[in-house]
S.K.: 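Got a structure here, written out as structure tokens. Questions coming.
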There are 2 protein chains.
Amino acid sequence: MAEETVSAALTLKDIAREAGVSLATVDRVLHKRPGVRPDTVRRVQETIARNAFQPHVAAAELARGRARRFAFVMPTGANPFMQQIEAYLGEMSAWLSARRLNVELINTDVFDPSVLAASLETLSGDYDGVAVVALDHPGVRAAINDLVDAGTKVVTLVSDVPSSRRHHYVGIDNIAAGRTAGALVGRLVGEKPGKVAIIAGSQGLRDHAERIFGFNQVMASEFSHLDILPLLEGRDEDDRSEQLLSRLLGKHPDIIGLYNVGAGTQGVAKALTEAGREKQVVFIAHDLTAMTRRLLLQGTLDVAISQNPGHEARAAVRVLLSLARNEPILSEQENIRIDILMRDNLP
Amino acid sequence: MAEETVSAALTLKDIAREAGVSLATVDRVLHKRPGVRPDTVRRVQETIARNAFQPHVAAAELARGRARRFAFVMPTGANPFMQQIEAYLGEMSAWLSARRLNVELINTDVFDPSVLAASLETLSGDYDGVAVVALDHPGVRAAINDLVDAGTKVVTLVSDVPSSRRHHYVGIDNIAAGRTAGALVGRLVGEKPGKVAIIAGSQGLRDHAERIFGFNQVMASEFSHLDILPLLEGRDEDDRSEQLLSRLLGKHPDIIGLYNVGAGTQGVAKALTEAGREKQVVFIAHDLTAMTRRLLLQGTLDVAISQNPGHEARAAVRVLLSLARNEPILSEQENIRIDILMRDNLP
DNA sequence: GGCGTTTTGAGGTACGCAACTCATTTTGAG
DNA sequence: CTCAAAATGAGTTGCGTACCTCAAAACGCC
């Protein structure tokens with residue numbers, strides 16, 4: 001039996017004594033407050049490092065008095081994925097309040113850059129941290145940078161703005177998600193030749209464009225015997241997606257693969273089943289909802305590629321909290337995975 | 001814009017005032033200490049419920065003074081998966097010490113029931129919580145129950161003892177994992193007939209047996225055109241697995257699917273590549289290690305089914321902590337998923 | 001009504017840190 | 001050397017809870 005050392009639980013007082021300074025000076029160093037000579041700063045920091053001292057989170061939290069405020073800026077409307085994220089935030093409410101964390105939901109039209117940017121500007125100063133489902137647009141980028149400059153911690157959620165100075169991105173790599181979809185379609189259709197249909201909300205949406213890019217990449221390099229049909233744009237709407245796909249299925253009796261990049265999966269599935277082709281076509285879509293779960297169990301949908309909304313909600317909160325506390329982030333924990341869900345590994 | 005209510009952050013004092021009792025009485029109720037009339041208990045509890053009062057975690061943690069001690073009882077030896085769990089515990093050390101949590105690793109021969117049971121018995125009273133990779137055996141079950149009776153929180157890790165009174169299980173449903181493997185083999189080989197080989201460590205290991213069960217279930221019900229060969233037992237050893245599989249591959253030139261249930265994946269892969277059959281055989285194995293990652297990227301391994309060791313390590317710690325604090329568990333968060341990993345969705 | 005027992009109140013201390021004040025010492029520029 | 005500015009020490013208060021003691025009140029029983 002091997003045991004790890006049981007740390008002696010040092011306190012700030014111990015550090016002060018060992019560094020030969022007063023408690024106040026250690027406090028100044030710890031919070032990067034001015035009024036300490038560089039020499040002294042170094043001496044204190046070395047003592048902290050040497051002892052691997054960690055301030056007691058509970059004591060720090062208790063001492064600061066005021067609660068932390070986080071804002072989640074989410075899209076208005078009935079997007080089920082976003083609603084799931086909001087639902088999981090609700091499930092955390094006991095956890096949050098036991099830690100005196102206030103999380104406020106702010107619904108905005110995140111697809112209008114000026115509205116989103118204006119929304120973000122109003123938050124300045126009022127919040128310790130902001131999580132935002134962000135559109136990648138210069139105005140939004142500027143608003144994010146302003147928040148960061150004002151000392152607010154900013155996390156992009158689901159959709160990133162890599163060119164901004166946001167502290168963290170909580171979401172998946174959509175190119176890899178598209179590649180995964182491509183590999184699955186290619187592998188599941190087998191070796192027979194045929195056509196593959198892709199339907200997306202819009203090529204203008206960054207995440208959709210990235211998924212399509214990754215999908216095409218894999219199809220071209222690994223499954224060149226398959227014929228990729230021109231992209232359909234269903235605007236994430238069930239009806240429109242259904243109509244477009246119905247027409248396409250009628251025109252091409254040899255479609256053997258189908259990838260729905262965005263929402264509208266219900267419409268896509270309806271077109272497929274009404275054509276009586278659900279058993280012959282490998283169908284892959286995104287996200288796990290009550291509906292995609294049903295389609296998976298029925299066998300209409302072969303694979304759902306998803307990002308875990310609960311994980312994203314919790315990761316965003318944890319990251320904001322760690323940033324606010326100036327605490328390291330457990331990167332492996334906060335990294336969102338691309339989940340491949342089939343009938344037998346449904347959560 | 002909709003906002004959630006910002007709770008007023010009640011304290012115990014507020015509850016005491018509203019219930020018309022003293023702080024001491026509220027404290028007694030909260031900690032289920034004796035000396036309070038049933039009537040009063042009810043009144044206090046109702047006040048707590050009515051206000052959705054949550055004790056401030058930080059204050060409670062600070063006030064209790066002593067650190068919590070958790071023990072992780074893990075197998076001795078070089079099992080890479082277990083080593084990954086231990087590694088992730090190491091990565092948490094800053095997180096743990098900032099919360100004054102002591103996690104101690106205790107390596108034991110978990111495959112010998114009497115040794116494991118004895119190991120568990122020695123822990124009684126010394127620890128607030130124990131996470132154990134448990135063998136399902138009456139002696140072990142009794143030892144776990146003894147720990148629970150002594151007030152220690154117990155979590156089974158990776159391998160469960162469902163008949164014990166352990167508080168929680170952190171790990172995957174291995175039957176579902178086997179079903180997933182079966183569905184993937186069946187779907188990836190396509191419609192052509194052929195033989196499928198299964199190699200496991202031992203049928204005596206509960207997790208292996210469960211995976212085999214799930215695998216066979218799916219094969220029988222959904223892919224009955226495939227011929228399942230008799231199980232090979234490789235004892236999780238590379239060399240033995242390689243030899244067994246080499247012989248089998250020589251005997252059956254029409255093997256098109258291969259499922260490795262346990263460890264020894266390196267040996268299995270070697271047999272496959274030395275026979276020059278890695279492109280013709282759909283190969284599915286468990287767990288993500290440096291080696292299986294390499295095999296996935298090479299294309300030798302088609303899919304790795306895995307449970308996230310980092311997640312399991314963190315979930316075990318969080319669950320033990322929540323149990324010790326008498327705090328609800330975020331079940332969706334602690335539920336371990338069956339990950340399907342392919343080349344393109346590697347983390 | 002008196003007794004012992006149970007229940008309750010009142011109060012204190014401690015936990016480790018943040019944040020603040022104010023006095024004192026040190027430093028560097030002139 | 002002088003003086004203002006910078007650096008530091010010393011100390012206080014409060015955060016919300018756990019845990020403890022002791023006294024007082026209420027209760028149930030005969």
Side-chain angles (χ1 to χ4, degrees), chain A residues 7-45 47-48 51-68 97-102 128 324-327, chain B residues 7-45 47-48 51-68 96-101 128 324-327:
Chain A
S7 58
L10 296 181
T11 72
L12 275 185
K13 213 189 295 182
D14 301 314
I15 298 299
R17 192 178 334 109
E18 183 168 332
V21 298
S22 74
L23 255 176
T25 300
V26 178
D27 187 70
R28 287 177 186 118
V29 171
L30 214 55
H31 299 92
K32 304 192 202 320
R33 276 190 276 266
V36 186
R37 233 171 321 170
D39 265 15
T40 317
V41 172
R42 197 169 337 110
R43 204 166 74 244
V44 173
Q45 282 176 338
T47 310
I48 290 177
N51 295 289
F53 168 75
Q54 301 275 126
H56 192 325
V57 169
E61 208 60 29
L62 186 58
R64 70 187 301 282
R66 57 219 156 79
R68 297 180 202 275
S97 74
R99 285 158 186 77
R100 299 302 186 264
L101 299 175
N102 294 323
D128 301 289
R325 286 178 176 166
N326 226 0
E327 192 183 40
Chain B
S7 57
L10 295 183
T11 73
L12 276 185
K13 216 188 296 183
D14 301 315
I15 299 298
R17 190 176 339 108
E18 182 169 334
V21 298
S22 74
L23 254 177
T25 300
V26 178
D27 186 69
R28 288 177 187 120
V29 171
L30 214 54
H31 298 93
K32 305 192 205 314
R33 277 190 274 265
V36 185
R37 232 171 321 172
D39 266 15
T40 316
V41 171
R42 196 167 340 108
R43 205 167 72 242
V44 172
Q45 282 175 338
T47 310
I48 289 177
N51 295 289
F53 168 75
Q54 299 275 123
H56 192 325
V57 169
E61 208 60 28
L62 184 58
R64 72 188 299 281
R66 57 220 156 79
R68 294 179 204 277
L96 292 168
S97 74
R99 287 158 184 76
R100 299 302 184 264
L101 300 175
D128 302 289
R325 286 178 176 165
N326 225 1
E327 192 184 40

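We name chains A, B, ... by the order of the sequence lines, and we start the count at 1 in each one. Note that the structure is a prediction, hence the values are computed from the model and not measured.
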S.K.: Over how many whole Å does the gap from A/D27 atom CG to D/dA10 atom C1' extend?
M.R.: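 For the pair A/D27 CG and D/dA10 C1', the rounded distance is 14 Å.
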
S.K.: I'd like to know whether B/L12 forms a side chain to side chain contact (heavy atoms under 4.5 Å, CB included) with B/L30, so could you lay out the CA-CA distance, the side-chain angles of the two residues, the decisive distance to 0.1 Å, and finally the verdict.
M.R.: CA-CA 10 Å; B/L12 276 185; B/L30 214 54; 3.8 Å; yes

S.K.: Can you measure B/N326 atom CG to D/dT17 atom P for me and round it to whole angstrom units?
M.R.: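 After rounding, the gap between these two atoms is 15 Å.
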
S.K.: I'd like to check B/R33 versus B/D27 (side-chain heavy atoms, cut-off strictly below 4.5 Å). Are they in contact?
M.R.: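 When only atoms from C-beta onward are counted, B/D27 and B/R33 do touch, with a gap below 4.5 Å.
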
S.K.: Starting from the C-alpha separation in whole Å, work towards a yes-or-no answer on side chain to side chain contact (heavy atoms under 4.5 Å, CB included) for A/L10 and A/E18.
M.R.: CA-CA 11 Å; A/L10 296 181; A/E18 183 168 332; 5.6 Å; no

S.K.: What is the distance from atom OG1 of B/T47 to atom CG of B/D14, rounded to the nearest 0.5 Å?
M.R.: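 That separation rounds to 11.5 Å.
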
S.K.: Please state how far atom CG in B/L30 lies from atom C1' in D/dT17, giving the value in whole angstrom units.
M.R.: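 Atom CG in B/L30 sits about 9 Å away from atom C1' in D/dT17.
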
S.K.: Show, in sequence, the C-alpha distance, side-chain angles and deciding distance for A/V26 and A/K13, and conclude whether the side chain to side chain contact (heavy atoms under 4.5 Å, CB included) test is met.
M.R.: CA-CA 9 Å; A/V26 178; A/K13 213 189 295 182; over 6 Å; no

S.K.: Find the distance B/L62:CG to C/dA18:P and express it as a whole number of Å.
M.R.: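 Rounding to the nearest Å, CG of B/L62 and P of C/dA18 are 12 Å apart.
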
S.K.: Quickly work out the B/L10 CG to D/dT17 C1' distance and round it to whole Å.
M.R.: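 So the CG-C1' distance, B/L10 to D/dT17, works out to 15 Å.
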
S.K.: Given B/R68, which of B/R100, B/R99, B/E61 fulfils the side-chain contact (heavy atoms from CB on, under 4.5 Å) condition?
M.R.: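 Answer to the side-chain contact (heavy atoms from CB on, under 4.5 Å) test with B/R68 among B/R100, B/R99, B/E61: B/E61.
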
S.K.: Between B/H31 and D/dA18, is there a side-chain N or O to OP1/OP2 distance below 4.0 Å?
M.R.: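 B/H31 to D/dA18 OP1/OP2: side-chain N or O found under 4.0 Å.
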
S.K.: Determine the minimum heavy-atom distance between A/L62 and B/A59, stating which atoms define it.
M.R.: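 In this case the closest contact between A/L62 and B/A59 is CD1-CB, 3.8 Å.
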
S.K.: Before giving the answer on side chain to side chain contact (heavy atoms under 4.5 Å, CB included), spell out for A/V41 and A/R28 the whole-Å C-alpha distance, their side-chain angles and the decisive distance to 0.1 Å.
M.R.: CA-CA 9 Å; A/V41 172; A/R28 287 177 186 118; over 6 Å; no

S.K.: With the sugar-phosphate defined as primed atoms, P, OP1 and OP2, and the base as all remaining atoms, what B/S/- string results for nucleotides 4-10 of chain C, 5' to 3', for protein heavy atoms under 4.0 Å?
M.R.: ---SBBB

S.K.: As a test of reading the structure: which of D/dC19, D/dG16, D/dA18 is closest to the side chain of B/A59, going by heavy atoms?
M.R.: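 Closest nucleotide among those given: D/dG16.
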
S.K.: Within residues 11-19 of chain A, which residues have any heavy atom lying less than 4.0 Å from an atom of DNA chain D?
M.R.: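 Listed by number, there are none.
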
S.K.: Side chain of A/R43, backbone of A/A19: donor and acceptor closer than 3.5 Å?
M.R.: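 Yes, the answer is positive, given that a donor and an acceptor are paired below the 3.5 Å cut-off.
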
S.K.: For C/dA19, does OP1 or OP2 lie under 4.0 Å from any side-chain N or O of A/R33?
M.R.: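 So the side-chain polar atoms of A/R33 do come within 4.0 Å of the phosphate oxygens OP1 or OP2 of C/dA19, strictly under.
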
S.K.: Using whole Å, what does the distance between atom C1' of nucleotide C/dA14 and atom CZ of B/R66 come to?
M.R.: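 Distance check: B/R66 CZ to C/dA14 C1' gives 14 Å.
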
S.K.: For the helix from C/dG1-D/dC30 to C/dG30-D/dC1, measure the angle between the helix axis at one end and the axis at the other, each built from five pairs, rounding to 10°.
M.R.: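 Roughly 10° between the end axes, to the nearest 10°.
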
S.K.: Tell me whether the side-chain N/O atoms of B/R64 come closer than 4.0 Å to OP1 or OP2 in D/dG16.
M.R.: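 So the side-chain polar atoms of B/R64 never come under 4.0 Å of the phosphate oxygens OP1 or OP2 of D/dG16.
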
S.K.: In whole Å, what is the span from the CZ atom of B/R325 to the C1' atom of D/dA18?
M.R.: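 Nearest whole value for this atom pair: 14 Å.
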
S.K.: Please report, rounded to the nearest Å, how far the P atom of D/dA18 is from the NE2 atom of B/H56.
M.R.: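 After rounding, the reported distance stands at 12 Å.
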
S.K.: Side-chain N or O of A/R99 less than 4.0 angstrom from OP1 or OP2 on D/dG16?
M.R.: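 Negative; the distance criterion is not met.
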
